[in-house]
Amino acid sequence: MYKLLLCWRYLLTRYLALVCIVSVMLGVATLIVVNSVMAGFSTKLKDRLHGLLSDIDVEAITYRGMDGLDEKMRRIAEDPFLGQEVEAMTPTMEVFAMLHFEINGEKILRPVRLIGIDAKGRARLGGFAEHLLNPENRADPSFELRGEARERWLREQQPMALPQRFPDPVSAPGAPPAPPPPEPSLFLPKGIILGYAIAHLRDKTADASKQDKDFRILNPGDEVVVSTLSGAQTADGLKLDPVSFRCAVVDYVKTEMSEYDANYVYMDLEDLQHLRTMHGRATSIQMKLKNYGGYSHARAVADVLQKKFPSYQASTWEDKQGALLAAIAVEKGILNVLLFMIVGVAGFGILAIFSMIVVEKTRDIGVLKALGASNGGVMKIFLGYGLLLGVVGATVGTGLGVAFTVYINEVEKFLSAVTGADIFPRSVYYFDKIPTDIQPASVLLVNLGAVLIAVLFSVMPALRAALLHPVRALRYE
């Protein structure tokens with residue numbers, strides 16, 4: 001009992017102990033915040049990549065892609081194993097292209113990744129329809145011009161969209177009445193869905209606290225031109241000719257991933273097949289599993305697909321993004337090691353302070369031992385003191401770190417308003433908020449590590465105090 005009373009008295013009366021507690025607290029809080037933010041970014045990044053890439057792809061390795069799409073999908077659906085695993089699939093064509101458009105009379109040309117999809121089929125896989133800006137398209141994905149896009153096109157292109165009516169026919173005397181003139185038809189272009197960052201620019205001069213910092217340079221209904229290469233098969237082999245396609249913007253896809261939002265353009269698969277003279281062909285078949293079940297399960301399904309279609313490459317989304325995911329894991333591990341040095345600094349503080357206490361309390365230690373305190377009892381006093389410092393510091397640090405993580409977006413807005421600068425520049429990912437993910441296991445490990453360091457750095461002063469001879473301690477008293 002005396003050990004606990006002494007530890008508690010030292011904790012309340014020694015101001016140097018507050019330094020140790022603050023050091024441990026800051027280290028724990030920093031680790032919790034950094035781990036939560038990195039886990040949030042990692043989780044959101046994985047979710048976006050998973051949705052954009054689908055669970056499994058069967059890809060062609062040649063420029064001409066794959067044919068017999070219906071037959072291949074039928075074989076997959078009828079396979080006893082694959083039929084139980086695959087929930088939905090759709091063909092996709094992905095090529096490089098150039099996008100042409102005008103802004104205030106200036107011609108703009110930029111490279112993009114052109115992806116031909118069946119909008120409804122791709123929506124069944126997930127990771128597409130939910131990222132469309134137009135609510136009508138989210139409910140019913142389509143490349144048709146409707147709503148704002150249709151109205152703008154008709155307003156901007158009225159001479160082409162509304163041809164003149166034919167004059168009323170005049171019947172000759174005694175002849176049967178002439179048939180009525182044909183109704184005028186509306187010319188509506190093919191639709192295209194642009195990545196959000198292609199059609200929007202970030203206003204870098206906007207106030208940091210302003211919510212909407214993007215201004216639109218391409219509106220729904222605006223005309224754009226897509227240029228790519230056709231892949232016509234001739235007697236002399238594959239003939240690559242430049243081809244162009246006039247279309248109109250119908251919507252935007254906003255995944256909050258700048259790499260995709262600034263480069264991806266979607267159009268109808270049949271239109272892209274016609275443009276590239278690759279009718280009935282695609283570059284890949286994307287699939288969604290009924291139960292993803294982690295990488296090992298998905299890889300087992302991909303292996304079965306690889307055996308069924310040996311001429312193509314079957315891969316999971318994690319296979320495609322393996323390098324990026326591994327880099328994130330390595331970066332997180334290295335950052336944790338570096339940040340844990342903050343707690344290590346607190347440990348050296350505990351070592352120094354405890355060494356001073358042993359020197360200052362030599363007489364008290366001698367009295368305790370003269371009264372019958374054992375070496376183990378004296379050692380437990382200092383180890384208990386270190387444990388108490390670690391527990392208090394870790395507990396306060398956990399509360400501070402969790403609170404900061406929960407309100408990190410409010411803190412970011414406040415700091416942005418005070419400094420007038422973006423603390424979290426959304427031009428990187430176009431995230432609306434800083435993503436966080438507080439993982440209980442990570443918080444527990446950080447706390448255990450902090451307490452363990454506090455105890456370990458108490459061992460040497462505790463041993464010195466325990467081995468102190470009572471006669472020598474009281475010699476000069």
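What you see is a predicted model; the values in this text were computed from it and never measured.
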Visitor: Quick one: does any side-chain atom of R122 pair with a main-chain N or O of G126 as donor and acceptor, under 3.5 Å?
Guide: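 At least one qualifying donor-acceptor pair exists.
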
Visitor: Checking Q306 side chain against A314 main chain: does a donor-acceptor pair fall under 3.5 Å?
Guide: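 Indeed, once roles are kept as given, a pair shorter than 3.5 Å links the two residues.
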
Visitor: So, T316 and D55: side-chain donor and acceptor under 3.5 Å apart, yes or no?
Guide: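 No, no side-chain donor-acceptor pair sits under 3.5 Å.
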
Visitor: Can you check side chain to side chain contact (heavy atoms under 4.5 Å, CB included) on V226 and L114, steps first, answer last?
Guide: CA-CA 9 Å; V226 177; L114 184 60; 3.5 Å; yes

Visitor: Can you tell me if D261 uses its side chain to pair, donor with acceptor, with the backbone of G195 under 3.5 Å?
Guide: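 It does not hold such a pair.
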
Visitor: Is a donor on one side and an acceptor on the other found under 3.5 Å between the side chain of D118 and the backbone of G121?
Guide: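 Pair found, side chain donor or acceptor close to backbone of G121.
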
Visitor: Check step by step if salt bridge (charged side-chain N to carboxylate O under 4.0 Å, His left out) holds for D303 and R299.
Guide: CA-CA 6 Å; D303 290 339; R299 186 62 252 176; 3.0 Å; yes

Visitor: Under the salt bridge (charged side-chain N to carboxylate O under 4.0 Å, His left out) rule, what do E85 and K290 come out as? Steps first, then yes or no, please.
Guide: CA-CA 6 Å; E85 296 290 341; K290 294 179 181 177; over 6 Å; no

Visitor: I need the M267 CE to C247 SG distance, nearest 0.5 Å.
Guide: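 It comes to 6.0 Å.
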
Visitor: Please step through side chain to side chain contact (heavy atoms under 4.5 Å, CB included) for the pair M66 and K72, ending with a clear verdict.
Guide: CA-CA 10 Å; M66 61 176 69; K72 288 180 173 59; 4.1 Å; yes

Visitor: Are any side-chain N or O atoms of R110 and backbone N or O atoms of N263, one a donor and one an acceptor, separated by less than 3.5 Å?
Guide: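 Not at all, since once roles are kept as given, no pair shorter than 3.5 Å links the two residues.
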
Visitor: Sort and list the pairs that fulfil ring-ring contact (aromatic ring centres under 6.0 Å, His included) and have at least one residue in residues 435-464, not counting sequence neighbours.
Guide: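 Listed once each, the pairs are F348-F457.
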
Visitor: Do K120 side-chain atoms and S142 backbone N/O form a donor-acceptor pair below 3.5 Å?
Guide: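 Not confirmed, K120 side chain does not pair with S142 backbone.
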
Visitor: Say you draw a straight line from CD1 of I453 to CG of L448; how long is it, rounded to the nearest 0.5 Å?
Guide: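 CG of L448 is found 11.5 Å from CD1 of I453.
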
Visitor: When you measure from the side chain of N35 to the backbone N and O of L31, does any donor-acceptor pair fall under 3.5 Å?
Guide: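 Yes; at least one donor-acceptor contact below 3.5 Å.
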
Visitor: Taking salt bridge (charged side-chain N to carboxylate O under 4.0 Å, His left out) as the definition, give me every residue that meets it alongside K307, ordered by chain and number, with sequence neighbours left out.
Guide: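 Partners of K307 under the salt bridge (charged side-chain N to carboxylate O under 4.0 Å, His left out) test: none.
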
Visitor: Which pair of non-hydrogen atoms, one from G397 and one from V28, has the smallest distance, and what is that distance?
Guide: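 Scanning both residues completely, I find the closest heavy atoms to be C-CG1, 3.9 Å.
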
Visitor: Any side-chain donor-acceptor pair under 3.5 Å between S227 and S244?
Guide: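 S244 and S227 do have a side-chain donor-acceptor pair below 3.5 Å.
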
Visitor: Between E130 and K254, is the closest basic N to carboxylate O distance under 4.0 Å?
Guide: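 Not counted as a salt bridge, because no side-chain N and carboxylate O are separated by less than 4.0 Å.
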
Visitor: Over all heavy atoms of both residues, which pair between N447 and V443 is shortest? Give the atoms and the distance, please.
Guide: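 Closest heavy-atom pair between N447 and V443: ND2-O, 2.7 Å.
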
Visitor: Might you point out which heavy atoms bring G390 and A454 nearest each other, and give the distance in Å?
Guide: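 Minimum heavy-atom separation between G390 and A454: CA-CB, 3.7 Å.
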
Visitor: In terms of side-chain heavy atoms, does S315 have a donor or acceptor partner in D57 at a distance below 3.5 Å?
Guide: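 There is no such pair between these side chains.
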
Visitor: Minimum heavy-atom separation for G401 and V33, please, with both atom names.
Guide: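 Taking G401 first and V33 second, the nearest heavy atoms are O-CG2, 3.6 Å.
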
Visitor: Quick one: does T283's side chain have a donor or acceptor within less than 3.5 Å of a partner on T92's backbone?
Guide: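 Confirmed, T283 side chain pairs with T92 backbone.
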
Visitor: In this structure, are over 12 heavy atoms from other groups packed under 6.0 Å from K46 atom NZ?
Guide: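 Counting other residues, nucleotides and ligands, NZ of K46 stays at 12 neighbours or fewer.
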
Visitor: If you count the non-hydrogen atoms of other residues, nucleotides and ligands that lie under 6.0 Å from CG in L109, is the total more than 12?
Guide: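 It does: L109 CG has more than 12 such atoms within range.
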
Visitor: What are the two closest heavy atoms between F309 and I76, and how far apart are they?
Guide: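 Heavy atoms of F309 and I76 come nearest at CE1-CG1, 3.7 Å.
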
Visitor: Parallel, tilted or perpendicular: which describes the rings of H200 and Y196, with under 30° parallel and over 60° perpendicular?
Guide: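 Taking Y196 first and then H200, their aromatic rings lie parallel (interplane angle under 30°).
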
Visitor: Salt bridge or not between K190 and D268? Use side-chain N to carboxylate O under 4.0 Å.
Guide: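 A salt bridge is absent here (no side-chain N lies under 4.0 Å from a carboxylate O).
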
Visitor: Is it the case that R146 and N134 place a side-chain donor and acceptor less than 3.5 Å from each other?
Guide: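 No donor-acceptor contact under 3.5 Å links the two side chains.
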
Visitor: Could you walk me through whether T90 and I117 pass the side chain to side chain contact (heavy atoms under 4.5 Å, CB included) check?
Guide: CA-CA 8 Å; T90 185; I117 59 171; 6.0 Å; no

Visitor: Heavy-atom count check: over 12 atoms from other residues, nucleotides or ligands less than 6.0 Å from E106 CD?
Guide: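 No.
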
Visitor: Sub-3.5 Å donor-acceptor pair from the side chain of T395 to the main-chain atoms of V391, do we have one?
Guide: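 Checking the backbone N and O of V391 against the side chain of T395, a donor-acceptor pair under 3.5 Å is found.
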
Visitor: What pairs meet the ring-ring contact (aromatic ring centres under 6.0 Å, His included) rule with one or both residues in residues 97-133, with sequence neighbours excluded?
Guide: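 Checked against ring-ring contact (aromatic ring centres under 6.0 Å, His included) - neighbours excluded - the pairs reaching residues 97-133 are F128-Y266.
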
Visitor: Can you name the closest pair of heavy atoms from T228 and F96 and give their distance?
Guide: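 In this case the closest contact between T228 and F96 is OG1-O, 3.0 Å.
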
Visitor: Taking the side chain from Q273 and the backbone from R281, do they hold a donor-acceptor pair closer than 3.5 Å?
Guide: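 Flag set: sc Q273 to bb R281 pair under 3.5 Å.
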
Visitor: If you count the non-hydrogen atoms of other residues, nucleotides and ligands that lie under 6.0 Å from OH in Y407, is the total more than 12?
Guide: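 It does not: Y407 OH has 12 such atoms or fewer within range.
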
Visitor: How about W317 and Y292: does a side-chain donor come under 3.5 Å of a side-chain acceptor?
Guide: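 Side-chain D/A pair, W317 to Y292: present.
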
Visitor: Can you tell me if CD on E270 sees more than 12 non-hydrogen neighbours from other groups inside 6.0 Å?
Guide: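 It does not: E270 CD has 12 such atoms or fewer within range.
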
